[in-house]
Amino acid sequence: MKQEVRRLAEDLPEDATWDDVMEEVFLKQAIEAGLKAGSEGRKRTVGEVRKSYGLPE
């Protein structure tokens, strides 16, 4: 974890804010959660998601 935090800090621009840091952390968490869900077979098609929000497929 510490290595990931160091890498994240090194990749951010010099004028990065705490909001920038949090955005990167939340993005990484969302991607990891999505990949895990997909590998566990928990996925839906775009049509299913659109339908759940009452949007046309």
Side-chain angles (χ1 to χ4, degrees):
M1 179 59 64
K2 285 183 180 183
Q3 291 293 356
E4 282 293 312
V5 171
R6 286 184 186 107
R7 186 200 55 76
L8 183 142
E10 290 173 5
D11 290 347
L12 286 169
E14 290 298 319
D15 62 345
T17 65
W18 281 109
D19 287 338
D20 296 328
V21 173
M22 296 307 295
E23 183 178 344
E24 289 295 320
V25 169
F26 289 133
L27 178 62
K28 182 170 178 54
Q29 285 178 327
I31 291 170
E32 287 178 356
L35 291 172
K36 182 180 178 194
S39 69
E40 293 174 351
R42 296 182 292 124
K43 49 191 167 187
R44 300 188 312 177
T45 66
V46 172
E48 291 170 331
V49 173
R50 292 182 65 82
K51 186 176 180 181
S52 71
Y53 285 99
L55 301 171
E57 291 183 47

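Everything quoted here is computed from the prediction, not taken from an experiment. Quick note: residue numbers are just sequence positions, from 1. Basis for what follows: all heavy atoms, side chains included, without hydrogens, waters or symmetry-related copies.
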Answer with yes or no whether the hydrophobic clustering places F26 together with V21; edges join I, L, V, M, F, W, Y residues whose side-chain heavy atoms lie under 4.5 Å apart. no
For E48, the option from R50, R44, K51 that meets side chain to side chain contact (heavy atoms under 4.5 Å, CB included): R44
So, are E10 and R7 salt-bridged, with charged N and O less than 4.0 Å apart? no
Do L35 and L27 belong to the same hydrophobic cluster, where Ile, Leu, Val, Met, Phe, Trp and Tyr are linked whenever their side-chain heavy atoms lie under 4.5 Å apart, directly or via other members? yes
Do the non-hydrogen side-chain atoms of D20 and T17 ever get within less than 4.5 Å of each other? yes
Connected via hydrophobic side-chain network under 4.5 Å: L12 and V25: yes
Ion pair E32/K28, N-O distance below 4.0 Å: yes
Linking I/L/V/M/F/W/Y whenever any side-chain heavy atoms sit under 4.5 Å apart, do M22 and L8 land together? no
